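A short write-up of the structure that comes next.
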Amino acid sequence: MNLLKLSSMDERINLLSKTVKPFKERAKEHDENASFPFDNFNDLKSIGYPALTLPKQYGGLGISLYEMLRYQEIIGKADGSTALSIGWHMGIMKHLGETQAWDENKYASVAQDVLKSGALLNNAASEPATGSPTRGGQPETYAKKDSSGWTINGRKTFTTLSPILSYFVVSASIDGTDEVGNFLIKRERKGVKVDETWDSIAMRGSGSHDLVLENVHVDEDDLVQKLTPGKKKPAGWLLHIPACYLGIAQAAQESAITFATTYSPNSIKGTISELPNIKQKIGEMELLILESKNFLYSIANKWDESDEVTRLTMGPELGAVKLSVVNKALEVVDLAMRIVGARSLSQKSDLQRYYRDVRAGLHNPPMDDMIIMQLAGKSISDKVE
């Protein structure tokens, strides 16, 4: 069955939920071995998931941001690494299709590959010397013009999905100028190499290795976009990040409640779920998740329903959602571990993986300090006006 052929979101949620059930079992093995979950992505490709965010004219469904986040939350509950990884592809393809930032023929070519083969794409922007691209550092990766196109050299870090990507969108300084461009690089290009450096204790199955480019030649029209430093428009699609961590939080909640409703030490009658201190923690988890869902999806709906002018003002709200949902997810996992107690630190427990994975959200863009400064600026500006 294919998601693209189903007529309602409820039907698609049902099929996706069934498809991702095995992800939870596989997650333990991939976490322990820091291996990449190829099976998960093959399963997602088999139901047409990577094409859902393509505009309808390219064969996708052009789903709303709200709908995309619902799906990402479901995958996140099954396996955070897989959700965060596929979320980049889903969001970028959605964004490019809506904004028409690339040449139409170039986007159409990639879109057809996504539709027919499940090809995956991600940005490669972070570098050892510059850190997160959101901080504004100039890429040390550089592209030099030649008679038939461009030659690119450099190293990118945190290239999520690298073991399975068909396309890398690489930011590079244009040699001899002050300009920075995004270059579309196919995996098959000579000189493209993935250096398996990913040794993080969190999101170990995301394959976020280094991308190494050694005299990689691309065509002239593979310069798909020139970037303007410091002028980033609000990007609703980045809400795939908090959606992922909301899913992880719900997995932790479920694990803790299962434990609480089945564990019965001989010091009490019934299970620990009946104890007031445990009920308090269960209620606190539920409150945090309810707040997160309402905040995330209300802003997603606002984005879907707004025109371009309104969307340009939504940066502080989008950042606030990311900060709030990720930090609440951290609180939920902490509460879940307090309910389960020392057993939550056992390698056999899923909770210790959720604890490590959810902390990765603090280091996904935008960063908390930048969000707070942005919110402060908005508040001051509003009061002055």
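Source: prediction; values computed, not measured. If you read the sequence from its start, that first residue is 1, and numbering goes on from there.
- Counted by atom type alone, Thr151 and Lys145 present zero donor-acceptor pairs between their side chains at under 3.5 Å.
- With a 4.5 Å cut-off on side-chain heavy atoms, Val358 and Leu330 count as touching.
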(request) Evaluate the side-chain hydrogen bond (donor to acceptor under 3.5 Å, both in side chains) criterion for residues His209 and Thr197: first the C-alpha distance (whole Å), next the side-chain angles of each, then the deciding distance (0.1 Å), finally the verdict. (result) CA-CA 5 Å; His209 302 298; Thr197 55; 4.7 Å; no
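- Glu127 and Thr141 share a side-chain donor-acceptor pair at under 3.5 Å.
- With hydrogens and angles disregarded, no donor-acceptor distance shorter than 3.5 Å links the side chain of Ser379 to the backbone of Ala376.
- No side-chain heavy atom of His217 sits under 4.5 Å from any side-chain heavy atom of Lys190.
- Ring centroids of Tyr107 and Tyr58 are separated by less than 6.0 Å, placing the two rings close together.
- In the hydrophobic cluster analysis, where Ile, Leu, Val, Met, Phe, Trp and Tyr join through side-chain heavy atoms closer than 4.5 angstrom, Leu65 is grouped together with Ile13.
- Side-chain atoms of Asp222 never come within 3.5 Å of backbone atoms of Val218 as a donor-acceptor pair (strictly under, hydrogens ignored).
- In this model, a donor atom of one side chain and an acceptor atom of the other lie less than 3.5 Å apart for Thr310 and Asp307.
- Following chains of ILVMFWY side-chain contacts shorter than 4.5 Å, one can reach Met9 starting from Met1, so the two form part of one hydrophobic cluster.
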(request) Show your reasoning for whether side-chain hydrogen bond (donor to acceptor under 3.5 Å, both in side chains) applies to Tyr245 and Asn364. (result) CA-CA 11 Å; Tyr245 294 103; Asn364 292 136; 2.6 Å; yes
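- Linking ILVMFWY residues whenever their side-chain heavy atoms come closer than 4.5 Å, directly or via other members, leaves Met370 and Leu375 in distinct clusters.
- Of all non-hydrogen atoms in Ile289 and Gln250, the two that sit nearest each other are CD1-CG, 3.9 Å.
- Counting heavy atoms from C-beta on, the side chains of Met203 and Ile248 come closer than 4.5 Å.
- Taking all atoms of both residues into account, the shortest heavy-atom contact from Arg12 to Leu6 is NH1-O, 2.8 Å.
- Annotation: side chain of Met90 is not in contact with side chain of Tyr71 (no heavy-atom distance under 4.5 Å).
- Side chain of Trp88 to main chain of His240: no donor-acceptor pair is present (N/O by atom type, distance under 3.5 Å, no hydrogens or angles).
- Linking ILVMFWY side-chain heavy atoms closer than 4.5 Å, directly or via other members, places Leu238 and Ile371 in two distinct hydrophobic clusters.
- Checking Thr19 against Asp43 by side-chain atom types alone, no donor-acceptor pair falls below 3.5 Å.
- Here the closest non-hydrogen pair linking Ala143 and Ile152 is CB-CG1, 3.8 Å.
- Within the structure, the salt bridge (Lys or Arg N to Asp or Glu O under 4.0 Å) test picks out the following pairs touching residues 68-84 (sequence neighbours left out): Glu73-Lys293, Lys77-Glu254.
- A donor-acceptor contact closer than 3.5 angstrom is absent between the side chains of Tyr167 and Asn122.
- With sequence neighbours excluded, the residues satisfying side chain to side chain contact (heavy atoms under 4.5 Å, CB included) with Glu291 are Leu287, Leu288, Lys328.
- A donor-acceptor contact closer than 3.5 angstrom is absent between the side chains of Tyr355 and Asp334.
- With salt bridges taken as basic N to acidic carboxylate O contacts below 4.0 Å, one links Lys302 and Glu317.
- Salt bridge status for Asp195 with Arg155: present, with a side-chain N to carboxylate O gap under 4.0 Å.
- Cation-pi geometry between Lys144 and Trp150 is not met: the NZ or CZ atom fails to fall both under 6.0 Å from the ring centre and inside 45° of the normal.
- Defined by atom type and a distance below 3.5 Å, a donor-acceptor pair is present between the side-chain atoms of Ser117 and Asp113.
- Salt bridge annotation for Asp350-Lys28: absent, with no cationic side-chain nitrogen under 4.0 angstrom from a carboxylate oxygen.
- For the residue pair Thr53 / His95, no side-chain donor-acceptor distance below 3.5 Å is found, with atom types taken as modelled.
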(request) Could you walk me through whether Asp221 and Asp103 pass the side chain to side chain contact (heavy atoms under 4.5 Å, CB included) test, one step at a time? (result) CA-CA 9 Å; Asp221 66 354; Asp103 173 79; over 6 Å; no
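- Side-chain atoms of Asp31 do not come within 3.5 Å of backbone N or O of Ala27 as any donor-acceptor pair.
- Counting heavy atoms from C-beta on, the side chains of Pro242 and Leu239 come closer than 4.5 Å.
- Between the side chain of Ser85 and the main chain of Ser81, a donor-acceptor pair closer than 3.5 Å is present.
- Residue Leu312 is not grouped with residue Val321 when hydrophobic side chains (ILVMFWY) are merged at heavy-atom distances under 4.5 angstrom, including chains of intermediate members.
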(message) Pair Asp146, Ser148 - check side chain to side chain contact (heavy atoms under 4.5 Å, CB included), show working.
(response) CA-CA 6 Å; Asp146 57 38; Ser148 57; 3.6 Å; yes
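- Minimum interatomic distance between Gln225 and Trp102 (heavy atoms only, all atoms of both residues): OE1-NE1, 3.9 Å.
- Taking 4.5 Å as the limit, some side-chain heavy atom of Ser255 sits within range of a side-chain heavy atom of Leu351.
- Every residue two or more places apart in sequence or in another chain was checked for a salt bridge (Lys or Arg N to Asp or Glu O under 4.0 Å) with Lys45, and none qualifies.
- In this structure, a donor-acceptor pair under 3.5 Å is absent between the side chains of Ser64 and Glu67.
- In this model, no donor atom of one side chain and acceptor atom of the other lie less than 3.5 Å apart for Asn123 and Asn182.
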(request) Starting from the C-alpha separation in whole Å, work towards a yes-or-no answer on side chain to side chain contact (heavy atoms under 4.5 Å, CB included) for Leu335 and Gln253. (result) CA-CA 8 Å; Leu335 286 164; Gln253 178 195 35; over 6 Å; no
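- Under a 3.5 Å cut-off, the side chain of Ser381 and the backbone N or O of Lys378 do not form any donor-acceptor pair.
- Between the side chain of Thr159 and the main chain of Ser162, no donor-acceptor pair closer than 3.5 Å is present.
- For Asn2 (side chain) and Leu4 (main-chain N/O), a donor-acceptor pair under 3.5 Å exists by modelled atom type.
- Residues Gln347 and Gln352 bring no donor and acceptor atom of their side chains to less than 3.5 Å of each other.
- Classified by interplanar angle (parallel below 30°, tilted 30° to 60°, perpendicular above 60°), the ring pair Phe36/Phe38 is perpendicular.
- Thr160 and Ser208 make their closest contact through OG1-OG, 2.8 Å (heavy atoms, listed as atom of the first residue, atom of the second, distance).
- Using a 3.5 Å distance cut-off with no hydrogens or angles, the side chains of Thr157 and Asp210 do not pair a donor with an acceptor.
- In terms of modelled atom types and a separation under 3.5 Å, the side chain of Ser349 and the main chain of Ser346 share no donor-acceptor contact.
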(request) Check step by step if side chain to side chain contact (heavy atoms under 4.5 Å, CB included) holds for Ile299 and Met314. (result) CA-CA 9 Å; Ile299 296 300; Met314 289 184 64; 3.9 Å; yes
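- Without hydrogens or angle criteria, Glu29 side chain to Arg26 main chain gives no donor-acceptor distance under 3.5 Å.
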(request) Carefully, step by step, assess Asp368 and Asn327 under the rule side-chain hydrogen bond (donor to acceptor under 3.5 Å, both in side chains). (result) CA-CA 10 Å; Asp368 286 7; Asn327 282 280; 3.2 Å; yes
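- Side-chain contact check for Ile86 versus Leu120: some heavy-atom pair is nearer than 4.5 Å.
- Taking both residues in full, the closest heavy atoms of Ala249 and Val333 are given as CA-CG2, 4.5 Å, listed atom of the first, atom of the second, then distance.
- In this structure, the side chains of Phe183 and Val216 stay at 4.5 Å or more apart for every pair of heavy atoms.
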